[in-house]
2 protein chains.
Amino acid sequence: MDLSERQLQILQAIITDYVENAEPVGSRSIAKKYDLGVSPATIRNEMSDLEEMGYLTHPHTSAGRVPSDKAYRLYVNNLMKKKNLSAKDKRMINNRLSASRDEFDRTIRHAAELLSEITHLASFAMTPATNEETISFIRLLPVDERTLILMIVGESGNVTNTTLRMNVPYTQEAIDLLSKNMTVSYKGRTLDDVLKSEIIHDVGSDIEALSSLRTNVMPSFLRTLEDMLNVNLYMEGMTNIFNLPEYTSIDRARDFMELFARKDWFTQKMLARDNGVVVTIGDENDTMKDCSLITATYHVDGKLVGKIGVIGPTRMKYDEVTSIMEYLTNNLSESFRLPGESGDGNAGDGNAGKDDAGDK
Amino acid sequence: MDLSERQLQILQAIITDYVENAEPVGSRSIAKKYDLGVSPATIRNEMSDLEEMGYLTHPHTSAGRVPSDKAYRLYVNNLMKKKNLSAKDKRMINNRLSASRDEFDRTIRHAAELLSEITHLASFAMTPATNEETISFIRLLPVDERTLILMIVGESGNVTNTTLRMNVPYTQEAIDLLSKNMTVSYKGRTLDDVLKSEIIHDVGSDIEALSSLRTNVMPSFLRTLEDMLNVNLYMEGMTNIFNLPEYTSIDRARDFMELFARKDWFTQKMLARDNGVVVTIGDENDTMKDCSLITATYHVDGKLVGKIGVIGPTRMKYDEVTSIMEYLTNNLSESFRLPGESGDGNAGDGNAGKDDAGDK
DNA sequence: ATTAGCACTCTCATTAAACGAGTGCTAACA
DNA sequence: TGTTAGCACTCGTTTAATGAGAGTGCTAAT
């Protein structure tokens, strides 16, 4: 039950027109604007068939046709062609990203900004998931007689720290020893692994002071590990959607905004998506069934994987958006590539990127 | 030109009614609901006078009266009485805050959540400004042969770090020396002070390796200081406003949401406000002229000052909201008080300041 | 000074009519 | 047999008119 060449042309025309104007498109305007060499009547017949096959819908009898999710899916899979970015957009992306190349999180945020500025849609970008991150070392640093800093450093330069206040004073020797001790225990293990394993039992009955210190530190250690696992999520251009005709109803707009108020939930959803450029359209989403969602992944040192994405109505310029995202993720991955060829990299909460000092 | 007792009663009644129902209130309903012992006609006369004095406005000839900003101001300054929180709200606040007492940023976020949940308005909370924070020490830690971590620790346990990648290898001696060196230079000085001072010149011509290392590190040091100055801003309940009748127009809603999209700008605005509970109503704000804004401050160790706030329409339960905020900030300040003389109970619980690495 | 009474104003909801875009069908045509 | 012109029909949208309702502002009586 394949579509004829002409049907594809008509479908494409309808999609193009509808994406542009957000209004049901009629046979007459198709015939006029797109030079298909057939009359409106013929187009009407084809449209009727396309509707029967589920590619078009009809808001009401005397309205034009609107593409269905199925039509967009066909378009994305088979019809659309890769777009070249305008020189202006390319320049903008290059400039903005290179300006902050050495500050990892800022670069990610800039990526989100760029995405929403260029697409005029809502966008997000998240730092890489660190499940696979392995611990490099653990360090305790004294602040004052009761306060110390717990610091966990990952192999890729990820750092997370917590300031903790002890209820009894500690000695420099004790914290040095505990630092070493913990580093030996956990070095090379992934965060996930450490978090899941039973930690309590390995409280060796070493020196008395050390054991008490360890008891104080352990809960914070676990929480700090959890912190380290959290990805940062940057959202931009949420208010762009107010300019779209599909969100002039306050209810739709509210629903949309509420999605993003639930940051943790949203983060989990996005992390669960496949790598690469992924498009989900309307009903294909389990929430946001009237939206389309496009995500793409960038790499850090070829290892860690972070996501960027765009959310908008199903009526969306899929060709442009996917092309932009592809360009952007390539650029990001390039930025985050290790300068040399050495194995490990640099990512996460701290700043990262290529040689920091090198580019002033 | 003082208001008579009766005029005050009527004004209060109008405010109460309008805040409740969001509809212009007429003389008849005032006479009915509030037992003032006078007829609608009398009330009408008084209303007319109140309008002339600028306390009421008239959407159109045949509509009831609406309180003006001036009326709300009078109400806030003279009329309203402190409200007692419900036991339920108190319990909620106590529970939620104590659950995370040892994680500073999370507590702040919880405060924002509580505020929006209880008031059903948009709220925010921000970590204390650290302009006055003084540097305790600076530390460089090795990750691998090209990567190291720069860490700045404030006297109050504030920590910020940056991962930096060097373009030439460093030696352990060099980074130890530089750490000490920098600590000596900057210890005890405020972040602001250090940032403003000319730093470059004090690159001593010490050992060759050290000088080169320092050259590499300095730019990151400054950026890290800037990071450290940034306050974290948590916003909650932005979508609550969609439920209010004043924001059923998409344009109003958009304007509202756009305010909060500009986080940096918003943060600056809020930091500039006075300490204590501050209410600004409608026109008293230079932006958001149709909103009221209530901010309050909490203390950390009696020193640092952070802000929380609520944003909503001028039609707002000022008495309740200010009471809630007072309760909440007292509770927060209490939470963040130094343990002082009593070591607190639980092992490991006792983190007073905690700071995520990464920018803002 | 207060109040009852009443005309007047303005908004909002309802209804009806005219409009127009676009379809679906039929019959003619190449 | 596929294509096209023609035309009746449908249905949402716009415009205008109407009436109800709420509330004021004024006047005159108390």
Side-chain angles (χ1 to χ4, degrees), chain A residues 2-11 13-18 20-68 71 245-246 248-249, chain B residues 2-11 13-18 20-68 71 245-246 248-249:
Chain A
D2 264 0
L3 298 179
S4 71
E5 187 57 32
R6 191 169 66 189
Q7 283 174 322
L8 287 176
Q9 281 181 351
I10 292 175
L11 191 57
I14 293 174
I15 291 175
T16 306
D17 203 81
Y18 184 72
E20 182 75 27
N21 303 312
E23 268 163 25
V25 20
S27 54
R28 226 181 101 77
S29 62
I30 292 288
K32 245 191 208 165
K33 283 197 228 172
Y34 306 85
D35 203 26
L36 302 181
V38 289
S39 76
T42 309
I43 294 178
R44 273 206 290 284
N45 288 330
E46 298 285 28
M47 281 165 124
S48 187
D49 292 347
L50 284 168
E51 181 164 6
E52 209 169 341
M53 289 185 275
Y55 291 105
L56 296 177
T57 55
H58 229 180
H60 57 87
T61 336
S62 67
R65 293 325 206 278
V66 171
S68 66
E246 22 272 286
T248 43
S249 130
Chain B
D2 263 1
L3 297 180
S4 71
E5 188 57 33
R6 192 169 67 187
Q7 282 174 325
L8 287 175
Q9 281 180 350
I10 292 174
L11 191 58
I14 293 174
I15 290 174
T16 306
D17 203 80
Y18 185 72
E20 181 74 28
N21 303 311
E23 268 164 24
V25 19
S27 53
R28 225 180 103 77
S29 62
I30 292 288
K32 244 191 210 166
K33 284 196 229 171
Y34 306 86
D35 204 24
L36 302 181
V38 288
S39 78
T42 310
I43 294 177
R44 270 206 291 284
N45 288 331
E46 299 284 28
M47 280 167 127
S48 189
D49 291 349
L50 285 168
E51 179 163 7
E52 210 170 339
M53 291 186 275
Y55 291 105
L56 296 176
T57 56
H58 230 181
H60 57 85
T61 336
S62 67
R65 291 328 204 277
V66 171
S68 67
E246 22 272 286
T248 43
S249 129

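Order of the sequence lines fixes the chain letters, A, B, ..., with proteins taken first and strands second; residue numbering starts at 1 for each chain.
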Side-chain N or O of A:Thr42 closer than 4.0 Å to phosphate OP1/OP2 of D:dT4: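 A:Thr42 to D:dT4 OP1/OP2: side-chain N or O found under 4.0 Å.
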Report the distance from atom [atom1] of [X] to atom [atom2] of [N], rounded to the nearest whole Å.
| X | N | atom1 | atom2 | answer |
| --- | --- | --- | --- | --- |
| A:Asn21 | C:dA21 | CG | C1' | 15 Å |
| B:Gln7 | C:dT2 | CD | P | 11 Å |
| B:Ile43 | D:dC26 | CD1 | P | 18 Å |
| B:Asp49 | C:dA1 | CG | P | 12 Å |
| A:Arg28 | D:dA5 | CZ | P | 11 Å |
| B:Glu46 | C:dA1 | CD | P | 11 Å |
| B:Leu36 | C:dA1 | CG | P | 19 Å |
| B:Tyr18 | D:dG23 | OH | P | 14 Å |

Judged by each residue's nearest nucleotide on DNA chain C, which is more toward the 5′ side, B:Pro59 or A:Asn45?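 Here B:Pro59 is the residue nearer the 5' end.
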Could you tell me which non-hydrogen atom of B:Asp2 sits nearest to which non-hydrogen atom of B:Gln7, and how far apart they are?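 Taking every non-hydrogen atom into account, O-OE1, 4.4 Å.
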To the nearest 0.5 angstrom, please state how far the [atom1] atom of [X] sits from the [atom2] atom of [Y].
| X | Y | atom1 | atom2 | result |
| --- | --- | --- | --- | --- |
| A:Arg65 | A:Arg44 | CZ | CZ | 9.5 Å |
| A:Met53 | A:Ser48 | CE | OG | 9.5 Å |
| B:Gln9 | B:Ser4 | CD | OG | 8.5 Å |

Ignoring hydrogens and angles, tell me if any N or O in the side chain of A:Ser68 forms a donor-acceptor pair with the backbone of A:Gly54 under 3.5 Å.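 The answer is yes, because a donor-acceptor pair under 3.5 Å joins these two groups.
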Side chain of B:Arg65, heavy atoms from C-beta onward: which of C:dG24, D:dA5, D:dT24 has the nearest atom to it?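 Nearest nucleotide to the side chain: D:dT24.
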Just compare C:dT23, C:dT3, D:dT24 and give me whichever is closest to any side-chain atom of B:Met47.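 Nearest to the side chain of B:Met47 among the choices is D:dT24.
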B:Arg6 and side-chain contact (heavy atoms from CB on, under 4.5 Å): which single residue from B:Leu36, B:Val38, B:Leu11 fits?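 Exactly one option meets the side-chain contact (heavy atoms from CB on, under 4.5 Å) with B:Arg6, and it is B:Val38.
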Protein-nucleic acid N or O pairs under 3.5 Å, nucleotides 7-11 of chain D:
{"residue": "D:dT10", "atom": "O2", "partner": "A:Ser62", "partner atom": "OG", "Å": "3.3"}
{"residue": "D:dC11", "atom": "O2", "partner": "A:Ser62", "partner atom": "OG", "Å": "3.1"}

Any side-chain heavy atom of A:Ile14 sitting closer than 4.5 Å to one from A:Tyr55?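 Answer no - side chains too far apart.
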